[in-house]
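What follows is one structure encoded as structure tokens, with my remarks underneath.
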Amino acid sequence: MKTILKSLLAITVLSVVFTSCGNGGSKKGAQGALSGSAAEKVYVAPGEHDEFYAFVSGGFSGQLAVYGLPSGRLFKVIPVFSVDAEKAYGFNEETKPMLNTSHGFIPWDDSHHPDISQTAGELDGRWVFINGNNTPRIAKIDLTTFETTEIIEIPNSAGNHSSSFVTENTEYVVAGTRFSVPYPQRDMPIEEYKGNFKGALSFISVDPEDGAMDLKFQIMMPGFNYDLSHPGRGKSHGWFFFTTYNTEEANSLLEVNASQNDKDFIAAINWKKIEEYVNNGGGTKAPTRYAHNVYNETTHTATSTIKEEVVVVDPSEVPGAIYFLPTPKSPHGCDVDPSGEYIIGSGKLAAELTAHSFTKMLAAIEGEKFDGEAYGIPILKYDEILAGAVKQPGLGPLHTEFDGQGNAYTTFFISSEVVKWKLGTWEVVDRKPTYYSVGHLMIPGGNSRKPFGKYVLAMNKITKDRYLPTGPEVTQSAQLYDITGEKMELLLDFPTIGEPHYAAGCPADLLKPNSKKIFKLEENEHEYAVKSEAEAKVVRDGNEVHIYMTMIRSHFAPDNIEGIQVGDKVYFHVTNLEQDYDVPHGISMIGANTSELLIMPGQTETFVWEPKQVGVWPFYCTDFCSALHQEMQGYVRVSPKGSSVPITYTLDGDAVDAE
Amino acid sequence: MKKSKLLMLIGTLLLLGLFVFPLWNITLEAPQYPEPIGMDIYITKIADMNPHDIKNINLMNHYVGMKDIPEHMIEFDIFPIVIGFMIVLGLLIAFKANYKWYLFWFILMTVLGIAGMYDFYLWEYDYGHNLSDKAAIKFTNADGSPLAYQPPLFGTKTILNFVAHSYPRTGAYFLFVGMVLTLVAFFIGKKEHQA
């Protein structure tokens, strides 16, 4: 009898499970049915490598995180706009200049849109660029060292949001202002916004050889909000497209006052035409102030230069270079398909997704199919340029990427979903929920001529109940979908640093062979480098003391230093003499008002210590380097100010010397 | 030109390869070294198999009290002279002497080769046994005697976390083939003489 009851119960339970699976309506059931093969698809066996790199911006963390896909494993957080005590970024003497601006040293920013450099419209894996939103800056990260090597501040801008996207051959990385500001910046009533505020669109040239950035020109556009942008590619190479909102030019309660116009614009900029104008001496050289910070990989040291001039271009000076494409309701994302024909505007308050045709745009310009103008810039007729619209696709469209197979994938913030649709027919093919409120999405190469359409990564704004709770502040997350089939398949959720705002991805093989293993000691040209223990020394210069120190498994040279006095400013210039892969050493001094140093093989870094108390104070290696790591330490004797104890320095009782 | 003479000539000249290619190689594998580290031994020097390998071998070995791999050894002066002498001698024999001298050259080269290997063994022995008293890490065998770190003369051997491979390289093959050719030259020369 009992057995029968048990069997009946089992059948009942099973039928419930099957029913819910069969319906596919329940969220949990649908995931359960997928989980088996999904786990296999994201499993990267121990010691194996991921297929793709994903560079995911950290949003308000100011950094850029490197993940592997499909595993979602975090490999490195590259410090870009925020200090990082772990890596001494912004703390050591070498990298402090990287965070200098016209407003002085700024330890933080809000990093948004990474974009990998391109050649002929395809990812070339040389650099990744990223924008700092708050104090407008563009950074360049070298993809051989995965370190930030250049930061350029953008003057006349505020809320540097429609940035940092590259043109087809990385001729330019572009930075557009989200907030318009008075130009020139001045003390004036805010309510006189209209007509007096300008929106600067900045074109930063990138040297094809060494990647050096230079602010070539700024276009002073009407005082709208320039939200996002993307370059033309293929047939539309030479053009750049920026979405705008607040064409109402409201300056208060924008959530209402900037949402009144039925259509805002996508600004189409023929940058080649403007470049030609500037190359021929056009534009105005205007006074300004902005910082240009460059990290030199040979001296291992950054320098910051304040520049005082920028070329500005008034759109009216270059007729025929700029047009407005009317686009419904405060468009946010501005994405160009791999062929360069379609410009997708995501009207975030609109009921449909708008696709403009580049071919039709050129014809409309040719035929002067204008619908008035704004501040002298012709507005093209909406119906003349429209390629099509995706009807009722979802609520709150934000961003679109492409798989290279004729499909587009758009995120919908309000309805929390990714929607797959077809270019040309504008029909919706599939939709999958995200958890929750997705912002950007990323297909490796999805904004180039050659996407790698295997996965899409959706980056969410909130997670609520998706992970173990950690108090009021919970983790942020990204979600990976397989897009190789007709229908998308959710494979993985993984937590991210900061806010995963946007990402750039590329095949691992593009970067792996170029990743640097060590810095060559013989190429180290740091001002205070010492390349052998024999050269190590301590030099007093007034109340400054410079310690030229070396580190190698498992000791410092020198490791006993005497003759330091209270009130001295002691510079530890420490060179890692190792030339072996993955043997960094760290160093930290008790009471130093700064971070540790984490020094890669062949590199020199400097920290400053200002001893405040008499005594004998230890320093030690902070990165577990070797079997005798715990023995890697030293002492500094600090005497009272004016003491007669001379400067001496030894290793194993002997003055530092060749062995 | 007689076949034997030609072979003696070629055999001798193959020794020139020793001035270009490494004679021997010792490679060390360990879990921490997914790319093994090693040294190429030439008659004139010991060189990195990959950049910085010797520096890294020295760094490993200093913990157990082993000396650095010498940048210069007296052998680096002697070996090129000996090989140079044997090439000149071989050429003289090829052009001026009869086939019996071919065998003489071969035997002399064999003796010198064995002496060279013995010398290499002595250096390896000293390198692996003559450890600093102040070594940070002192391992012992089961019987309490200090553990030695001598790499094998020929073959593969496990030393603590390392697997050491010691094998001839291109230079040694040039020498070996050259010597075989001179021996063949002797036998062919003998046949030619009898004919």
Side-chain angles (χ1 to χ4, degrees), chain A residues 45-49 144 512-524 530-535 550-557 559 575-585 599-603 621 623-633 650-654 657-659, chain B residues 25-40 45-73 126-128 130-140 146-149 158-164:
Chain A
E48 300 287 309
H49 287 174
T144 64
K512 234 162 85 173
N514 305 327
S515 182
K516 223 175 216 163
K517 293 187 169 177
I518 58 166
F519 295 104
K520 286 183 186 157
L521 194 58
E522 70 261 26
E523 291 173 3
N524 180 335
V530 281
K531 298 187 185 179
S532 71
E533 289 181 4
E535 296 168 59
T550 66
M551 56 194 348
I552 196 163
R553 280 163 286 174
S554 303
H555 60 271
F556 296 98
D559 68 358
T575 303
N576 183 346
L577 296 181
E578 303 281 357
Q579 292 287 270
D580 198 358
Y581 191 23
D582 197 15
V583 192
H585 293 286
I599 309 170
M600 297 303 126
Q603 197 176 22
C621 177
D623 184 8
F624 206 111
C625 59
S626 61
L628 291 151
H629 162 72
Q630 291 295 79
E631 282 70 17
M632 193 163 169
Q633 62 163 66
T650 60
L651 175 66
D652 202 16
D654 300 325
D657 202 331
E659 298 191 335
Chain B
N25 171 279
I26 298 176
T27 294
L28 301 171
E29 289 175 353
Q32 302 91 324
Y33 284 90
E35 287 175 32
I37 51 177
M39 51 185 161
D40 287 326
K45 64 181 176 186
I46 300 181
D48 291 319
M49 186 170 84
N50 289 306
H52 313 297
D53 276 2
I54 290 175
K55 176 174 175 156
N56 293 325
I57 291 169
N58 290 339
L59 268 170
M60 286 292 117
N61 291 347
H62 93 277
Y63 288 118
V64 292
M66 293 168 77
K67 289 197 280 281
D68 282 357
I69 290 163
E71 281 177 24
H72 186 260
M73 296 165 91
D126 180 71
Y127 181 60
N130 188 0
L131 307 175
S132 166
D133 293 337
K134 290 180 75 178
I137 304 172
K138 286 176 177 147
F139 289 108
T140 50
L147 187 69
Y149 305 97
T158 301
I159 311 167
L160 297 178
N161 59 325
F162 282 98
V163 177

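No hydrogens, no waters, no symmetry mates; every other heavy atom, side chains included, goes into these values. Within every chain, numbering begins at 1; the chains are lettered A, B, ... in the order of the sequence lines, protein sequences first and strands thereafter.
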**Study point:** B/Lys67 atom NZ: more than 12 heavy-atom contacts under 6.0 Å
**Key:** yes

Check your understanding: Hey, are the side chains of B/Lys134 and A/Asp652 touching, using non-hydrogen atoms and a 4.5 Å cut-off?
Key -> yes

Practice item. Considering non-hydrogen atoms only, spot the tightest contact between A/Arg553 and B/Asn56 and give its length. Key: NH2-OD1, 3.8 Å

**Study point:** Within-4.5 Å side-chain heavy-atom neighbours: B/His52 and A/Glu578
**Key:** no

Practice item. Answer with side chain, backbone, both or neither: which region of A/Leu521 has an atom nearer than 4.5 Å to a non-hydrogen atom of chain B? Key: side chain

Point to revise | Any side-chain heavy-atom pair of B/Gln32 and A/Asp580 under 4.5 Å | key: no

Review point. For B/Glu35, is it the side chain, the backbone, both, or neither that has a heavy atom closer than 4.5 Å to a heavy atom of chain A?
Key: side chain

